[in-house]
Amino acid sequence: MINHHPSQLSNATLDNWLSYLESIHSQEIDLGLTRIAEVAKRLSISLSASKVITVAGTNGKGTTCAFLENAFLQRHQSVAVYSSPHIERFNERLRIDKTEVTDQPLINAFEQIEQARGDISLTYYEYTTLAALMICQEISPDYIILEVGLGGRLDATNIIDADIAVITSIDLDHQAFLGDTKELIGFEKAGIMRGDKFAVVGEPSTINSIKQHALNIKARAIYRNVDFSLQENTDNWCYQSNDLSLSALVKPNIPIDNVATAITVLNCLSLDVSTQFINDVIEQTKVAGRTELIQQQPHVLLDVAHNPHAARNLVKALSGYKYKNLHCVTGMLSDKDIKGTLSLFNELVDTWYLATLHVPRGASAEVLSEHVSGNRCAVNCFDNVEQAYKMALQRSEDNDLILVFGSFFTVADVRKLYF
């Protein structure tokens, strides 16, 4: 840990910087744009040379970003994607043409931010967002995709005016910061919209706060089940909008809703899309920690699902797998809806392997155990994810399925055993 100003260290590493950033602001989450906007102004940050797509939503942000990224690359256009949190390495947070940013550009950006901020206090997330924006400005790719960290209206990414705003889904999560109804949360997400710019809303239900905000600022809003829709068939699916019809689309590795939302974004950009083009991108789009199959016999499936909405999608995805017994390795953060998330699996699970997460806000295995049903299944508690996972492997047969889910931290702890 650096206990003094890192500019005094001529050879500060990225890890040195990250330790320093964790120490300089009293709150992990401190919503508001005043501080970061002032520092961005001092740094003269502008992304006007690129088309910017900002993606908000309770779930589905990462997979929507990944699909758009692959679509642009398929068209030989350059693209930067900024997302959070990372699973294993901090550098995952910024990809340029699908390659993680190296340490040095981040260190250079941190040094400039540290000089520019003066006595303005920035959170770890605000600091890293500014660094990503500076690197994107320097590279000037054709497209920059910004994944919102939390909410939208007051998220650090919202200092940038998006050419297209995307809202993937609305559900209850981070209620302490965003409100405890879909309408309140919807209003926060809608804050990324801009007047006279496209706003693609992939949430299938009507959220009045989003519609009202879009009307108030005169955004060019496009709504799921009004302006575009999808229809699932047994072997394929179809996409339909006012001016685009695609049939015989293959089933994706990511949630189908997010593919439909991404197709709508591509259409807003007047890009020529065909069934063949979309199918090619679907084949390419697999995202770490999103229904990621990392082992056969027994099947080992990883998913970062950590709220009821994502859990429902995961339960639906499980229906596509054939297995004898389901073993669930789960660790969660204490401020998530643990009961609402885990209860969706109670009828499916044969054995629970519950793990304590040793991170800030991590829940203990014993707390998780209060919210799972032991009527038809065995419940085991472990001190950490690795212990829980190794026991699940030991007790599984070749035709079983081990599902690892509940948090980015849970998935990261298993993923590091393989990659």
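Position 1 is the first residue of the sequence; numbering continues from there. Basis for what follows: all heavy atoms, side chains included, without hydrogens, waters or symmetry-related copies.
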Residues two or more places apart in sequence or in another chain: which of them pass side-chain hydrogen bond (donor to acceptor under 3.5 Å, both in side chains) with [X]?
X	answer
T351	none
Q276	D280
N70	K98, T285
S245	Q240

For residues 314-322, run the donor-acceptor check on the side chains, cut-off 3.5 Å, and write out each pair with its distance to 0.1 Å, sequence neighbours left out.
residue, atom, partner, partner atom, Å
K316, NZ, E232, OE2, 3.2
S319, OG, K316, O, 2.5

Contact list for residues 60-69, test side chain to side chain donor-acceptor pair (under 3.5 Å), sequence neighbours left out
T63-N258, E69-R95
Could I get the full list of side chain to side chain contact (heavy atoms under 4.5 Å, CB included) partners for D163, not counting sequence neighbours?
K51, V52, K197
My understanding is that only residues two or more places apart in sequence, or in another chain, count here; which of them pass side chain to side chain contact (heavy atoms under 4.5 Å, CB included) with A214?
M193, A219, A221, Y223
Can you name the residues that form a ring pair (Phe, Tyr, Trp, His ring centres under 6.0 Å) with [X], not counting sequence neighbours?
X	result
F228	none
F198	none
H309	none
F187	H213

